[in-house]
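Proteins come first, then strands; the chains are lettered A, B, ... in the order of their sequence lines, and each starts at number 1.
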Amino acid sequence: MGELMLDIKKLRKQPEEIKLALARRGLDAPLDEFAELDRKLREVIAEAEENKALRNKASDEIAAARQAGRDSEEKIAAARKLSEKIKALDLLAADIEAQLDDIVLELPNPPLDDVPDGADEHDNVEVRSWGSPTRFDFEPRPHWDIGTALDIIDQERGAKVAESRFTLLKGAGARLERALINFFLDLHTGEHGYTELFPPILVNSDSMRGTGQLSKFAGQEMYKLRDDDLYLNPTAEVPVTNIYRDEILDEKDLPIHVTAYLPSFRREAGAAGRDTRGLIRQHQFNKVELVKFVRPETSAEELEALTLNAEEVLKRLELPFRTVSLCAGDLGFAAAKTYDLEVWLPSYDDYKEISSCSNFLDFQARRLNIRYRPGGGKPRFIHTLNGSGLAVGRTSAAIIENYQNEDGSVNVPEALRHYMGAEMIE
RNA sequence: GGAGGGGUGGCGGAGCCUGGUUGAACGCACCGGUCUUGAAAACCGGCAGGGGCCCUCGCGGUCCCUCGUGGGUUCGAAUCCCACCCCCUCCGCCA
């Protein structure tokens, strides 16, 4: 059986419902084709299984005959024919199944009902905001200018050591990065109840497929090792969500809330103009991730709570932000609902994404085969969620820009002073 | 990286040499029942996952697949052969 992301039984029973939901993403799902292939597949399976039953019976008879010391040459010959027929039918079934997989694996998660309509990011809906855009009585500078002047961000030497879009952090810049990581983790473990993990930074292709980073139309953004079936971690979602792959979790352990700091790597070849400056879009970046494994009934409220946990970081840092609900057309492939947190960035004169919090329902769990037994009964897929809490580099940029002074120094947010061991970067 | 051993159901652990009532003994855990004032013990029973078909649609019937993964041999594979993955022990290397 192939790895299916959507429930194939649901596709069978409620194709219209799913087609409508996927249409909200601007997708015309080929569900008629699916239905036809599915019908054919079941036909072939039924025939193959009939023949297998016959063969099994024949084998038993041959065994019994041998016990009795009787010869069964013609029975064996007949069974041999059956086996050949079965082999052909199994091949046919596998072929049809591959075609079905081609369709099903490319179907994204249908949006939840409370996801706003819309085609792209312009249709995303602001659900709340905190603080207001920072105003300056001087001309504010972008973080790459400030950072270079303070000699805490060195992009030229980062590029020398690796290549463009790798950055060398120095002195207070390096300390700020470390301070943020510790602050995030302390907050989520100490006050929000998450368990801290530190997973491998290299992940195999099974893991990548499990969370949906690898597929026909995705995967070229990842750094792949040449001599091994391993990739550089593109987001902690991958190594963290995969820890329970192929497991049946104990119901009493749910929900499981974990957080992890992990460097992340993405090729992002040829990305757009403005983001090429500074820390906003790097090939290597640090991120603290929040991941939840929950009972299906609770995933909606778990998403709200997770989003608030991520927002709390920005509030403590006193960085202005807004929370938007992604519209159906802007949702990622595996997400059924997503809130983006956008922090105010003076150099952009706009809000910029700093966290993305999603509910995947059972979409990932189905691929990952993570289940639990409700009431000790039959296994059922759990729901998974994740969100950044937060992207570290972008937080650094936001702090440098929002807390800058006219003389080029940068105030350290109150919540971070203990971690920085300083009140100001100058 | 080299040598050897091993991957079986929620867990432990038989079976593999000598292919055929072993989809899997036995034990533990778990669920139900008897017993008991209650509990424990004892005893009786149940207890893997996925899929197809049928239906008086239910905690139903039936069939198929799955003993690390993928191939192969065979009428028939947990059992034989090949490749790969993983784990353990020893050696090497190293933080």
Side-chain angles (χ1 to χ4, degrees), chain A residues 1-14 34-101 104 198-210 214 224-225 227-231 239 242-254 256 263 293 362 365-382:
Chain A
M1 292 290 129
E3 299 165 328
L4 303 173
M5 299 189 76
L6 282 177
D7 187 351
I8 199 160
K9 286 179 178 167
K10 201 170 169 190
L11 272 172
R12 246 172 229 159
K13 281 190 203 133
Q14 312 159 330
F34 166 83
E36 175 58 20
L37 281 167
D38 182 53
R39 192 191 56 70
K40 246 167 78 184
L41 175 63
R42 284 188 286 169
E43 212 173 274
V44 174
I45 287 175
E47 196 184 345
E49 290 191 352
E50 258 170 52
N51 282 291
K52 283 175 184 173
L54 284 175
R55 182 190 63 188
N56 290 344
K57 187 179 276 184
S59 284
D60 285 347
E61 288 169 9
I62 290 164
R66 212 182 62 157
Q67 285 275 311
R70 279 182 283 108
D71 178 64
S72 34
E73 267 313 311
E74 64 298 336
K75 267 201 163 82
I76 289 177
R80 186 177 297 134
K81 284 226 167 57
L82 274 176
S83 273
E84 281 161 16
K85 191 169 175 188
I86 289 165
K87 204 170 218 172
L89 287 167
D90 278 348
L91 279 174
L92 180 56
D95 181 60
I96 296 172
E97 221 175 274
Q99 294 178 55
L100 268 173
D101 277 0
V104 176
F198 195 90
I201 300 175
L202 295 180
V203 295
N204 60 33
S205 55
D206 281 345
S207 296
M208 292 284 276
R209 261 188 292 277
L214 273 192
K224 184 177 188 333
L225 270 62
D227 296 330
D228 303 273
D229 179 34
L230 292 168
Y231 296 78
N242 271 280
I243 61 179
Y244 294 124
R245 173 153 45 92
D246 293 322
E247 291 191 33
I248 297 178
L249 302 177
D250 207 324
E251 185 175 22
K252 67 176 189 293
D253 292 336
L254 298 177
I256 296 171
F293 305 86
D362 65 359
R366 197 172 288 284
R367 271 203 152 187
L368 292 160
N369 193 27
I370 306 177
R371 297 170 294 174
Y372 79 112
R373 295 181 188 275
K378 288 286 175 194
R380 183 178 173 197
F381 292 112
I382 59 152

- request: For RNA chain B, just give me the dot-bracket, please: Watson-Crick or G-U, both distances below 3.5 Å, ( ) intra-strand, [ ] crossing earlier pairs, | paired with another strand, . unpaired.
  value: ((((((((.[[[..)....(.....]]].(((((.......))))).(((((((.....))))))).[[[[[..)....]]]]])))))))....

For [X] and [N], give me the distance from atom [atom1] to atom [atom2], rounded to whole Å.
{"X": "A:Lys40", "N": "B:G52", "atom1": "NZ", "atom2": "C1'", "value": "18 Å"}
{"X": "A:Leu89", "N": "B:G52", "atom1": "CG", "atom2": "P", "value": "17 Å"}
{"X": "A:Glu84", "N": "B:U74", "atom1": "CD", "atom2": "C1'", "value": "12 Å"}
{"X": "A:Lys252", "N": "B:G10", "atom1": "NZ", "atom2": "P", "value": "15 Å"}
{"X": "A:Glu43", "N": "B:G51", "atom1": "CD", "atom2": "C1'", "value": "17 Å"}
{"X": "A:Asp38", "N": "B:G51", "atom1": "CG", "atom2": "C1'", "value": "12 Å"}
{"X": "A:Glu97", "N": "B:G52", "atom1": "CD", "atom2": "C1'", "value": "12 Å"}
{"X": "A:Asp60", "N": "B:A77", "atom1": "CG", "atom2": "C1'", "value": "14 Å"}

Same-atom distance ([atom1]) from [N] to [M], integer angstrom:
{"N": "B:U89", "M": "B:C28", "atom1": "P", "result": "30 Å"}
{"N": "B:A39", "M": "B:C31", "atom1": "P", "result": "14 Å"}
{"N": "B:G68", "M": "B:G5", "atom1": "C1'", "result": "16 Å"}
{"N": "B:A77", "M": "B:U69", "atom1": "P", "result": "16 Å"}
{"N": "B:U73", "M": "B:A83", "atom1": "C1'", "result": "15 Å"}
{"N": "B:G20", "M": "B:G15", "atom1": "P", "result": "14 Å"}
{"N": "B:C43", "M": "B:G49", "atom1": "C1'", "result": "31 Å"}
{"N": "B:G46", "M": "B:G10", "atom1": "C1'", "result": "15 Å"}

Of A:Arg80 and A:Arg66, the one whose closest RNA chain B nucleotide lies more 5':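 It is A:Arg66 whose nearest nucleotide is closer to the 5' end.
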
query: For A:Ala63 and A:Ala58, take the nucleotide of RNA chain B holding the closest heavy atom to each; which residue's nucleotide lies nearer the 5' end?
result: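 Per heavy-atom nearest nucleotide, the more 5' residue is A:Ala63.
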
Heteroatom pairs (N/O) under 3.5 angstrom, protein to nucleotides 46-49 of chain B:
| unit_1 | atom_1 | unit_2 | atom_2 | d |
| --- | --- | --- | --- | --- |
| B:G49 | OP1 | A:Arg373 | NH1 | 2.9 |
| B:G49 | OP2 | A:Lys378 | NZ | 2.9 |
| B:G49 | O3' | A:Arg371 | NH1 | 3.1 |

field: Any A:Ser83 side-chain nitrogen or oxygen under 4.0 Å from OP1 or OP2 of B:U74
entry: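 Answer no for this pair, as no side-chain N or O of A:Ser83 is under 4.0 Å from OP1 or OP2.
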
message: Less than 4.0 angstrom between a side-chain N/O of A:Arg42 and OP1 or OP2 of B:C53, yes or no?
response: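 Yes, within the criterion.
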
- prompt: With sequence neighbours excluded, what pairs up with A:Asp90 under the salt bridge (Lys or Arg N to Asp or Glu O under 4.0 Å) test?
  reply: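 If we apply the salt bridge (Lys or Arg N to Asp or Glu O under 4.0 Å) test to A:Asp90, skipping adjacent residues, the hits are A:Lys52.
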
task: Could I get the full list of salt bridge (Lys or Arg N to Asp or Glu O under 4.0 Å) partners for A:Glu61, not counting sequence neighbours?
output: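 Expected list: A:Lys75.
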
query: Got a salt bridge between A:Glu43 and A:Arg39, using NZ or NE/NH1/NH2 to carboxylate O under 4.0 Å?
result: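 Between A:Arg39 and A:Glu43 there is a salt bridge, with a charged N closer than 4.0 Å to a carboxylate O.
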
Those residues that, when tested against [X], pass side-chain contact (heavy atoms from CB on, under 4.5 Å) (two or more places apart):
{"X": "A:Lys13", "answer": "none"}
{"X": "A:Pro374", "answer": "A:Tyr372, A:Arg380"}
{"X": "A:Ile243", "answer": "A:Leu197, A:Phe293"}

query: Across the strands shown, which category fits A:Arg12 at heavy-atom distances under 4.0 angstrom: base, sugar-phosphate, nothing?
result: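 If one applies the 4.0 Å heavy-atom cut-off, A:Arg12 turns out to touch the sugar-phosphate alone, with no base involved.
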
Taking only residues two or more places apart in sequence, or in another chain, which ones meet [X] in a side-chain hydrogen bond (donor to acceptor under 3.5 Å, both in side chains)?
{"X": "A:Arg12", "answer": "A:Asp38"}
{"X": "A:Asp250", "answer": "A:Lys252"}
{"X": "A:Glu47", "answer": "none"}

statement: Contact string for nucleotides 62-73 of chain B, one letter per nucleotide 5' to 3', B = base within protein heavy-atom range under 4.0 Å, S = sugar-phosphate only, - = neither, reads -BBS-------S

- request: Identify the heavy atoms of A:Ile370 and A:Tyr244 that sit nearest to each other, and give their distance.
  value: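 What the structure gives for the nearest pair is CG1-O, 3.3 Å.
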
message: Measuring from atom CG of A:Asp229 to atom NZ of A:Lys224, what distance do you get when rounded to the nearest 0.5 angstrom?
response: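 One gets 5.5 Å once the value is rounded to the nearest 0.5 Å.
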
Show me the side-chain donor-acceptor pairs of residues 77-89 of chain A shorter than 3.5 Å, one per line, residues at least two apart or across chains.
none

- prompt: Can you check whether A:Arg209's main-chain N or O pairs, donor with acceptor, with A:Arg367's side chain at less than 3.5 Å?
  reply: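 Yes, because the side chain of A:Arg367 sits within donor-acceptor range (under 3.5 Å) of the backbone of A:Arg209.
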
